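Reviewing the structure listed below.
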Amino acid sequence: MSTRTRIAFLKGHGTENDFVIVPDPENTIDLPPAAVAALCDRRAGIGGDGLLHVVRSAAHPEARHMAAEAEWFMDYRNGDGSIAEMCGNGVRVFARYLQRAGHVTEGDIAVATRGGVKAVHIAKDGDVTVGMGRALLPEGDVTVSVGERTWPARNVNMGNPHAVAFVDDLSHAGDLLSPPPFSPAAAYPDGVNVEFVIDRGPRHVALRVHERGAGETRSCGTGACAVAVATARRDGADPAATGVPATYTVDVPGGTLVITEQPDGEIEMTGPAVIVAEGEIDSVWLESATGA
């Protein structure tokens, strides 16, 4: 980028999990990790938990094999610039951008991700539903601790590991700045996302979450799914056994998600997706910020 060029961006969030959106249908914009980190910096950049690079599947080498199933590829990056397979809240915001840009309309669409093709539904009321796959429930007892308190936790894997603990008060989770200790260590060799959960009413819970590598976050889509599954099993509900879907309302610090586990094990997450701004990135700033 030796001269000033126009690079469009938008800013959006799903239950306050926020993202910088960079539309780039033909995959012509170079976004090295340093550029992504600069854009996601909350003081020196635009600010976001991650970046949604919007590319046609056929134009991206990692997504060409999915182009027949999904026209658009969510090239998702974490806020530090690293590459991630999937982000449930991010997919909802990605779909909202595609709708805003006129690429799709309400109804069913498919979005390619590094975690595979995801089924998405854009409802007339504005909410977006994402198919999040199936949960695995590894055997074995797990505990998590904060200070002097220790709780039994449910081990749930949503493609990433979760430990779900039911507590009497969300304040018992502490400040969640450092990872809550867990046992046994062998249960989560690569660390774990820890959810602390309270009951709010029938099939209605609230959580706080420590995401591994990030601390407490305003929303975690896979965490909300893990919590819904763990709560269903605690309540004696298993859709695979009964043939009846189980739906839970899950309050996260940034809003509310509705999670449904279907009898075939598929989990659907429904929630809001909001575009809050759009503009242009200064390419000269980006060049200097990344040392290009």
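Treat the numbers as computed from the prediction; the structure is a model and nothing was measured.
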Any chance CG of D264 has more than 12 other-residue heavy atoms, nucleotides or ligands included, within less than 6.0 Å?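 Above 12, so yes.
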
Is D141 atom CG crowded by more than 12 heavy atoms from other residues, nucleotides or ligands, each under 6.0 Å away?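 Atom CG in D141 is not packed in, count stays at 12 or less.
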
Of all heavy-atom pairs between [X] and [Y], which one has the smallest distance, and what is that distance?
X	Y	value
H162	C220	CE1-SG, 4.3 Å
R208	A173	NH1-CB, 3.8 Å
P161	G191	CG-O, 3.4 Å
V104	A95	CG2-O, 4.3 Å

To the nearest 0.5 angstrom, please state how far the [atom1] atom of [X] sits from the [atom2] atom of [Y].
X	Y	atom1	atom2	answer
R233	L137	CZ	CG	5.5 Å
C87	M74	SG	CE	6.0 Å
I83	E62	CD1	CD	5.5 Å

Is there a donor in the side chain of T242 and an acceptor in the side chain of D238, or the other way round, less than 3.5 Å apart? no

For the residue pair H13 and N89, confirm or rule out a side-chain donor-acceptor distance under 3.5 Å. no

Would you call K11-E278 a salt bridge at under 4.0 Å N-O? no

Pick one: which of Y76, W72, F73 meets ring pair (Phe, Tyr, Trp, His ring centres under 6.0 Å) with H60?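 For H60, the ring pair (Phe, Tyr, Trp, His ring centres under 6.0 Å) check succeeds only for F73.
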
Report yes or no: does R96 contribute a side-chain atom to a donor-acceptor pair with the main-chain N or O of V128 at less than 3.5 Å? no

Start with the C-alpha gap between D169 and R149, add the side-chain angles, then the distance that decides, and say whether salt bridge (charged side-chain N to carboxylate O under 4.0 Å, His left out) holds. CA-CA 12 Å; D169 192 306; R149 293 187 174 95; over 6 Å; no

Determine, stepwise, if the pair V120 / R92 fulfils side-chain contact (heavy atoms from CB on, under 4.5 Å). CA-CA 8 Å; V120 180; R92 295 203 316 278; over 6 Å; no

Output, in order, the C-alpha distance, side-chain angles, deciding distance and verdict of side-chain contact (heavy atoms from CB on, under 4.5 Å) for N157 and Y188. CA-CA 10 Å; N157 194 292; Y188 303 110; over 6 Å; no

